[in-house]
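Since the structure comes first, as structure tokens, the remarks are kept for the end.
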Protein chains: 2
Amino acid sequence: MKTLRLTSNDRAILLKSSFLGRLPRSTSEAVIEDATVSTHEEDDVLFRQGDGIDEVFVVLSGLVRLYRVGKDGREADLAVLQAGEVFAESAIFLGHHATASARAAEASIIARLDGRRLRQLAVSNPDVAQAFIELLCHRSKMVEDLLAQDRLHTAPERVANYILSNCPSGSTSFSFRLPFQKNVLAGKLGLAPEALSRAFSKLRQSGVVVRGRMIEIRDRHALERF
Amino acid sequence: MKTLRLTSNDRAILLKSSFLGRLPRSTSEAVIEDATVSTHEEDDVLFRQGDGIDEVFVVLSGLVRLYRVGKDGREADLAVLQAGEVFAESAIFLGHHATASARAAEASIIARLDGRRLRQLAVSNPDVAQAFIELLCHRSKMVEDLLAQDRLHTAPERVANYILSNCPSGSTSFSFRLPFQKNVLAGKLGLAPEALSRAFSKLRQSGVVVRGRMIEIRDRHALERF
DNA sequence: CGCGTCTTTGATGCAAGTCAATCGCCGTGG
DNA sequence: CCACGGCGATTGACTTGCATCAAAGACGCG
């Protein structure tokens, strides 16, 4: 891990991030004033569940997995975060402890915003408070979605829903590129990699073609019925 | 369902609720000024996923299940809420749509707080914004906990953890009363009732005795090891 | 071209859901 | 007071979905 300065590209991503993107430009510029940046290699651990942290993290590039570990060492993903996404935001309000561990799933660049300063801003500036509230609402909804998927759907159904969520509702046929390795997708969906593979091959008969990271949907409606 | 006025007992519960309890007394008194109250019988639906709602709900007495339904009609619980707990708080910030359905799991009394007024307060009063932020942080953590439990632990382990979470860490032996029917507990843990039953009987050999709603733990440490 | 890594496929085992039958508890009414 | 009926809880038998282990196949990169 190496610490460095903010490039102008980094600034652009920060300003469009799921948190700062909700703020008026002047405010967000002020917030990133003292941001720090660090680079991490694949598999670097950013923090562990229970660690004391007082920062909010933003992915500038790369991929971060948020997970909990069971006592046998297995890791269950709670979220997979891409450029522009924010994480660990509740730690700064909740006893300054990480509620999960975080690890780079590929080489990544991460920005950190000081927790104390953000808390001050949240009281003095209603826009900042509002942005936090909306961010947290989205976070809750994300996790609720995951939980509901886990409890209601089988592996092929979860995969179908994931594909559909990456698919514009207009067109009947469509194709897109997975934003990460199948390995990581499996984790995000709460599946073993083998189960993901089998799910894909079951979906082939509903018109889903997988080649490498490219996913092709021949008939959106066949998938929805699934 | 019947609408009625706030009793003084209701007020006391509201003021200690997970949301209003974080506010200075003068503020929280103002917030509940225009609260409305309604009673519901067991199995009454309060709202369905996707319904337009612009209120925050507080359980005054009884029990409410928050759930999503799969397309086969099965219901997966996202939370089970008791007196003093707040729900649907993110709807008022997130497009005024319920992200889940809610149903009384037993006869219940529910208070409603006007969404528009709360949003106004959240911008004008930093304390209110802060209370929302903390509430949402807790909500996220709750759901994350559930997801992690589902993904990392077997049924008996989840039940053991549930028991431990109702158990003071000091004493080695302990007993308590389930706050609701086993049926409901099963739903909350993401299990079929039969699976919960089997889990309990597996835990008997670790010193857990179940009689009706009473749970008795003979040796806390045996459970922790499980 | 060859090697390592990611992915797929196959075989097997276990956890939990489902269906069905029984049990226990409690309240009702004879 | 006891018999009955109803409902929640338990138990058993079976099925299913997924994890796991092992091996082979595909892909990318040096």
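Just the heavy atoms: all of them, side chains too, but no hydrogens, waters or symmetry mates, feed the values below. Below, chains carry the letters A, B, ... as their sequence lines are ordered, and counting in each starts from 1.
Spacing between atom CG of B/Leu196 and atom P of C/dA15 amounts to 17 Å, rounded to whole angstrom units. Rounded to whole Å, atom P of C/dT5 lies 16 Å from atom CZ of A/Arg213. One interatomic measurement links the two molecules: NZ of A/Lys202 to P of C/dT8, which rounds to 15 Å at whole-angstrom precision. In this structure, CZ of A/Arg198 is placed 15 Å from P of D/dA22, rounded to the nearest angstrom. Atom CD of B/Glu194 and atom C1' of C/dC23 are 15 Å apart (whole Å). Per the geometry, CG belonging to A/Asp72 stands 12 Å off C1' belonging to D/dA19, to the nearest Å. Distance B/Phe200 CZ to D/dT10 C1': 12 Å, rounded to the nearest Å. To the nearest angstrom, P of D/dT16 lies 15 Å from CD of A/Glu157.
Counting heavy atoms from C-beta outward, B/His138 and B/Ser18 have side chains that stay 4.5 Å or more apart.
Of the residues near DNA chain D, A/Ala195 and A/Arg211, the one whose nearest nucleotide (by heavy atom distance) lies more toward the 5' end is A/Ala195. With DNA chain D read from its 5' end, the first of the two nearest nucleotides for A/Gly212 and A/Arg74 is the one closest to A/Arg74.
In the set D/dT10, C/dC6, D/dT11, C/dC6 carries the atom at the smallest distance from any side-chain atom of A/Gln181. Checked against C/dA16, D/dA9, C/dT7, the side chain of B/Asn183 finds its nearest nucleotide in D/dA9. Out of C/dT18, D/dT10, D/dG17, the shortest distance to the side chain of B/Ala192 is found at C/dT18.
A salt bridge links B/Arg68 with A/Glu144: the closest approach of a Lys/Arg side-chain nitrogen to an acidic carboxylate oxygen falls below 4.0 angstrom.
Across B/Val209, B/Val159, B/Ile215, a single residue satisfies side chain to side chain contact (heavy atoms under 4.5 Å, CB included) together with B/Leu203, and that is B/Val159.
A/Phe132 and A/Phe19 have tilted rings, their planes meeting at an angle from 30° to 60° on a 0 to 90° scale.
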